[in-house]
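Lettering of chains follows the sequences in order, A, B, ..., and the numbering in each one begins at 1.
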Amino acid sequence: MLGAVITNPSKPFWPDEGLTKLDLAQFYAHIAGDILPWMKGRAVTMERCPEGIRKSCFFQKQAPANLPPGIDTVRIPAPSAGRDVDYIVGGTRKTLLTLVNFGCIAMHVMNGRIDQLDAPDWLAFDLDPADNFASAARAALLLRQKLEDHGLEGYVKTSGGRGLHVFVPLRRGADQDAVRAYAAVIAHELATEHPKLMTVEARKAKRKAPVYVDVMRNAFGQTIVPPFSVRWRPKAPVSMPLDWDEVSPRLEPTVFTIKTAERRMAAKAPWSSFFGHRQTLPRD
DNA sequence: ATGGGCA
DNA sequence: TGCCCATGACATGGT
DNA sequence: ACCATG
Ligand SMILES: [Mn+2]
Ligand SMILES: [Mn+2]
């Protein structure tokens, strides 16, 4: 029915909202068909909150021992750690719900599928505002225009936090380094043209603009939350695909939650054409 | 969340 | 049996 | 080599 065993289903995950682990499992079970296209064939990094959002959460890449039958894993080198990691591979309802059972609230996936890990099929820009969503919205609109100037079409979604994610679906071909380099060029141009709004400076103390354009989500082995991922924040927010005409400093991104997402998704599916609009990066 | 050690 | 404990990420760029 | 960052 759910697709996997959920232990401690009545454990409060969002005590203030009265949401339990079972509520989370049911949400993912209902929207599995919507999130799985962005998880299928991708290594998943777990961000586990086994005691709910009030206790500590932690990242885990290595798959736990004794996985339920039918959960695929893939061994991927982690050069900087000098070892190999066995990741859980996303793509099925059973895998998704097993991740929930491990206490994963947010899902994190790589930009390349495991059959060609070094050929990303999206380019991601992670807009992280230090102040508020309005800044991220302004930055996203400028990024959209910049991508158009480069002949590219971006897709936008809320991150589930205060920021926005802009993805460009790619025809596979360019390798990881080329994709990241391209993203870095775009980000630098934007930060140079709008130094009061956007920065590419990784060090918080050195930033002079509110919106950090995080392009490192495109690096090898790094991850980003896919559309429809829940986040471990108050109200159980959901990363929600948007139409560009919804992106405005006045939009309130916290309206998209476990409670409201399904209604919203029935009304609008702004990313439904995503994988039908794969693009090739210009060589400029 | 899970598994091992130990009283 | 039950309680306690350990365990759980990695890539990057700048200094 | 280390560290801040996401
Ligand atoms: Mn972000
Ligand atoms: Mn970020």
| query | Which parts of residues 202-219 of chain A get close to DNA chain C, meaning a heavy atom less than 4.0 angstrom away? | reply | A:Arg203, A:Lys206, A:Met216, A:Ala219
| said: How many whole angstroms separate atom CZ of A:Phe59 from atom P of C:dA9? | reply: 11 Å
| Among C:dG8, B:dT2, C:dC10, which nucleotide sits nearest the side chain of A:Arg48? | C:dG8
| remark: Rounded to whole Å, CZ of A:Arg83 lies from C1' of C:dC10 at a distance of 9 Å
| request: Could you tell me whether the side-chain ring of A:Phe58 sits stacked on the base of C:dG8, using a centroid cut-off under 5.5 Å and a plane angle under 30°? | output: no
| query | Can a side chain N or O of A:Thr7 be found less than 4.0 Å away from OP1 or OP2 on B:dT2? | reply | yes
| message | Counting only heavy atoms from other residues, nucleotides and ligands, does the tally under 6.0 Å from CZ of A:Arg278 exceed 12? | response | yes
| said: Nearest whole Å is fine: how far is C:dG13 C1' from A:Phe220 CZ? | reply: 18 Å
| said: Just the rounded figure in Å: distance from C1' of C:dC10 to CE of A:Met46. | reply: 14 Å
| task | For A:Cys49 and A:Phe13, work out which heavy atoms get closest and say how close. | result | O-CZ, 3.6 Å
| request: Please determine if A:Asp115 and A:Arg172 form a salt bridge, counting it only when a charged side-chain N lies under 4.0 Å from a carboxylate O. | output: yes
| message | Using a 6.0 Å cut-off, check whether atom NZ of A:Lys11 has over 12 heavy atoms from anything other than its own residue. | response | yes
| At their closest point, which heavy atom of A:Ser229 faces which heavy atom of A:Ile105, and how far apart are they? | OG-O, 4.4 Å
| Residue mapping more 5' on DNA chain C - nearest nucleotide basis, A:Ala78 or A:Glu201 | A:Ala78
| said: Can you check the distance between C:dG8 and B:dG4, where both ends of the measurement are the C1' atom (answer in whole Å)? | reply: 16 Å
| field | Shortest non-hydrogen separation from A:Val168 to A:Gly154 and the atoms involved | value | CG2-CA, 4.2 Å
| query | Can you name the closest pair of heavy atoms from A:Leu242 and A:Trp271 and give their distance? | reply | N-NE1, 4.1 Å
| query | Of A:Arg180 and A:Thr223, whose nearest nucleotide on DNA chain C comes first from the 5' end? | reply | A:Thr223
| query | Within less than 4.0 Å of OP1 or OP2 of B:dA1, is there a side-chain N or O belonging to A:Asn8? | reply | yes
| request: List in numerical order all residues of residues 110-119 of chain A for which some heavy atom is under 4.0 Å away from an atom belonging to DNA chain D. | output: none
| Crowded around A:Trp122 CH2? As in, over 12 foreign heavy atoms under 6.0 Å? | yes
| said: Assess, by modelled atom type and distance only, whether the side chains of A:Thr20 and A:Asp23 contain a donor and an acceptor separated by less than 3.5 Å. | reply: yes
| Say you pick atom P in C:dA9 and the same atom in D:dT5; how far apart are they, in whole Å? | 22 Å
| request: Return the value, rounded to whole Å, for the distance between atom CD of A:Glu47 and atom P of C:dC10. | output: 15 Å
| query | Should B:dG4 form a Watson-Crick or G-U wobble pair with both distances under 3.5 Å, which nucleotide is its partner? | reply | C:dC4
| remark: Separation of C:dG8 atom C1' from A:Trp232 atom CH2, nearest Å, is 15 Å
| said: Tell me the interatomic distance from A:His108, atom NE2, to C:dG8, atom C1', rounded to whole angstroms. | reply: 14 Å
| Can you list the steps and then say if A:Arg42 with A:Asp121 is a salt bridge (Lys or Arg N to Asp or Glu O under 4.0 Å)? | CA-CA 11 Å; A:Arg42 293 174 203 279; A:Asp121 49 15; 2.8 Å; yes
| request: Quick one: do A:Lys146 and A:Glu193 satisfy salt bridge (Lys or Arg N to Asp or Glu O under 4.0 Å)? Show the steps, please. | output: CA-CA 11 Å; A:Lys146 170 69 68 183; A:Glu193 292 161 17; 2.9 Å; yes
| said: Looking at every heavy atom in both A:Val44 and A:Val89, which two are closest together, and how far apart are they? | reply: CG2-C, 4.5 Å
| request: Nearest whole angstrom, please: distance from the C1' of C:dA9 to the CD1 of A:Ile224. | output: 17 Å
| field | chain A footprint on DNA chain D, 5' to 3' - any atom under 4.0 Å from a heavy atom | value | D:dC3 to D:dG6
